[in-house]
There are 2 protein chains.
Amino acid sequence: MAAVNPRTWKQPMKQKLTISIQDYMKTIYELTENGESASTNALAQKLKVSAPSVTGMIKKLASSKPALVEYQKHQGVTLTKEGRKAALEVIRHHRLLEAWLVQTLGYSWDEVHEEAERLEHVISEDFERRIATAMGHPLRDPHGELIPTEDLKMPVDESTPLSSLRPGQNGIVTCVKAADMELLRHLESLGLVPSAEIEVKEYSPFDHNLTVKVEKKTSVLGFNITTKIFVEITK
Amino acid sequence: MAAVNPRTWKQPMKQKLTISIQDYMKTIYELTENGESASTNALAQKLKVSAPSVTGMIKKLASSKPALVEYQKHQGVTLTKEGRKAALEVIRHHRLLEAWLVQTLGYSWDEVHEEAERLEHVISEDFERRIATAMGHPLRDPHGELIPTEDLKMPVDESTPLSSLRPGQNGIVTCVKAADMELLRHLESLGLVPSAEIEVKEYSPFDHNLTVKVEKKTSVLGFNITTKIFVEITK
DNA sequence: AATAAAATTTAGGTATGACTAAATTTTAGA
DNA sequence: TCTAAAATTTAGTCATACCTAAATTTTATT
């Protein structure tokens with residue numbers, strides 16, 4: 001039961017209007033995964049904050065000791081070694097939490113994200129260790145995303161992008177990336193979840209996009225499934 | 001593994017220097033449990049914040065809609081109905097979390113407090129419901145403290161204060177209140193934990209304090225165990 | 001009842017991360 | 001290459017919760 005209704009409660013002041021350092025690090029990590037640097041604008045959009053605010057914060061993160069980011073005017077941001085570790089720690093928290101919430105509290109695959117998003121910032125290293133141990137140090141979270149190791153390294157992904165499959169080939173879904181909850185639920189209803197077997201029926205090489213027809217429901221065609229879905233080739 | 005060592009990392013700025021509203025509410029609740037009003041000074045001490053800061057925040061909490069506290073200059077603070085609910089919600093979170101962490105992650109009785117202290121602010125109502133259900137809606141946390149009900153009411157405590165026991169009487173410990181971790185561990189090592197059977201050997205009515213000799217180790221005498229320890233009389 | 005001590009509030013100021021608007025730099029198109 | 005558009009940073013503010021020091025009110029003591 002909610003103590004005060006957030007819709008009707010007129011708060012005395014705005015608490016927590018600030019984006020945490022961890023959120024900055026995580027977002028920079030995500031934007032620079034491909035090797036490129038993250039622009040302040042891109043960061044601003046992701047973090048839902050104005051571009052000037054990002055510039056200011058980035059400067060601070062670049063001048064901390066040790067520095068967490070590398071930054072040059074108009075050149076975007078990259079992570080330092082320490083910065084990458086900081087990012088991977090939050091990501092490890094997030095993914096371990098997702099896995100754990102699904103396993104022990106019956107959260108569904110598509111519900112856990114928000115909860116983990118809040119918990120990831122406050123759990124202790126002890127907590128992290130306990131849930132990792134309790135689950136036998138899983139490699140992937142419920143979405144199939146790789147979980148950074150305890151020493152904060154991102155494991156190499158040995159799965160193959162869906163786009164490399166050709167009609168007639170089979171695969172096992174290892175990872176489903178989608179920010180949209182609606183889409184997640186739809187994919188689940190189609191059986192497009194990690195560990196599901198799929199068969200590629202049609203290939204349209206345009207822009208590396210792949211159209212997958214899942215056996216029974218072709219309505220998935222309505223979604224533009226890009227290489228964000230990865231499969232592991234059975235053989 | 002810690003991403004950045006908090007001892008050596010020179011943060012770019014100080015994040016989270018603010019006490020949450022929830023912490024204010026929880027602390028006010030604890031200070032007013034006996035029916036008295038909480039002084040700004042007492043609050044300041046508990047929250048480790050200056051007295052003027054408390055005055056300022058209290059004023060804001062009193063002018064929010066709905067108001068969470070009742071406040072008159074120099075007269076201390078009390079909770080409104082809504083305020084009490086807000087406090088009980090955090091307390092419910094805290095105690096459910098403690099119970100759950102002990103049950104599912106093997107935390108010991110004395111370790112859970114800190115972890116719960118951080119998690120209590122970020123879990124959703126959904127999470128609250130899930131762990132409550134998973135544990136079968138427990139009445140007490142691992143320390144024996146009563147858990148507020150789902151509709152945010154504090155159950156009446158039907159156990160009897162230890163001070164009402166006389167030499168020769170037996171009891172079952174229901175609750176052990178102690179802020180100090182060292183003491184908690186010591187009490188545990190003596191077997192003074194919830195559901196333990198105890199026998200009162202000696203009674204010193206001074207100031208309602210009771211000296212309990214636990215069978216084997218009399219070193220507990222060194223601790224001034226007050227009525228903060230409650231027992232349930234076996235018969 | 002007067003005064004000293006304690007508790008509390010007021011006044012004034014700091015640090016932080018956010019914002020908008022304007023200035024600048026980079027990028028892209030003619 | 002020049003110029004217009006886009007991206008980015010600078011400048012200047014604001015809101016918040018905190019702080020210290022001083023003023024005030026309450027309380028406790030003689």
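Treat the numbers as computed from the prediction; the structure is a model and nothing was measured. Scope of the values below: all heavy atoms of this structure, side chains included, with no hydrogens, waters or symmetry mates.
Proximity note for B:Val49 (side chain, C-beta onward) versus C:dA18, C:dC19, D:dC19: the nearest is D:dC19.
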| said: Please evaluate residues A:Lys26 and A:Glu117 with respect to the criterion salt bridge (charged side-chain N to carboxylate O under 4.0 Å, His left out), reporting the C-alpha separation (whole Å), side-chain torsions for both, the decisive distance (0.1 Å), and the verdict. | reply: CA-CA 11 Å; A:Lys26 195 171 69 160; A:Glu117 197 74 21; 2.7 Å; yes
| field | Test side-chain hydrogen bond (donor to acceptor under 3.5 Å, both in side chains) applied to B:Ser39 and B:Asn41, step by step | value | CA-CA 5 Å; B:Ser39 74; B:Asn41 252 18; 6.0 Å; no
| request: Determine, step by step, whether A:Glu70 and A:Thr78 satisfy the side-chain hydrogen bond (donor to acceptor under 3.5 Å, both in side chains) criterion, reporting the C-alpha distance in whole Å, the side-chain angles of both residues, the deciding distance to 0.1 Å, and the verdict. | output: CA-CA 5 Å; A:Glu70 204 108 27; A:Thr78 54; 4.7 Å; no
| said: Run the salt bridge (charged side-chain N to carboxylate O under 4.0 Å, His left out) test on A:Glu128 and A:Arg92 for me, step by step, so that the C-alpha distance in whole Å, both residues' side-chain angles and the decisive distance to 0.1 Å come before the verdict. | reply: CA-CA 9 Å; A:Glu128 172 194 320; A:Arg92 177 171 163 84; 2.7 Å; yes
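For the pair B:Ser53 and D:dC19, the criterion of a side-chain N or O lying under 4.0 Å from OP1 or OP2 is met. A close approach under 4.0 Å does occur between a side-chain nitrogen or oxygen of A:Ser50 and OP1 or OP2 of C:dC19.
Computed from coordinates, the B:Met57 CE to D:dA15 C1' distance equals 12 Å when rounded to whole Å. At whole-Å resolution of the value, OH in A:Tyr24 and P in C:dT16 are 15 Å apart. Between the P atom of C:dA18 and the CG atom of A:Leu47 lies a distance of 9 Å, rounded to the nearest Å. When the P atom of D:dT16 is taken as reference, atom CG of B:Leu61 falls 13 Å away, rounded to whole Å.
Here B:Val54 lies out of heavy-atom contact (under 4.0 Å) with every strand.
Taking the six-membered ring for Trp, B:Trp100 and B:Tyr107 have ring centres at least 6.0 Å apart.
Side chains of A:His93 and A:Glu120: a donor-acceptor N/O pair is absent below 3.5 angstrom, by distance only.
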| query | If the sugar-phosphate is the primed atoms plus P, OP1 and OP2 and the base is the rest, what is the B/S/- string for nucleotides 5-12 of chain D, using protein heavy atoms under 4.0 Å? | reply | --SSBB--
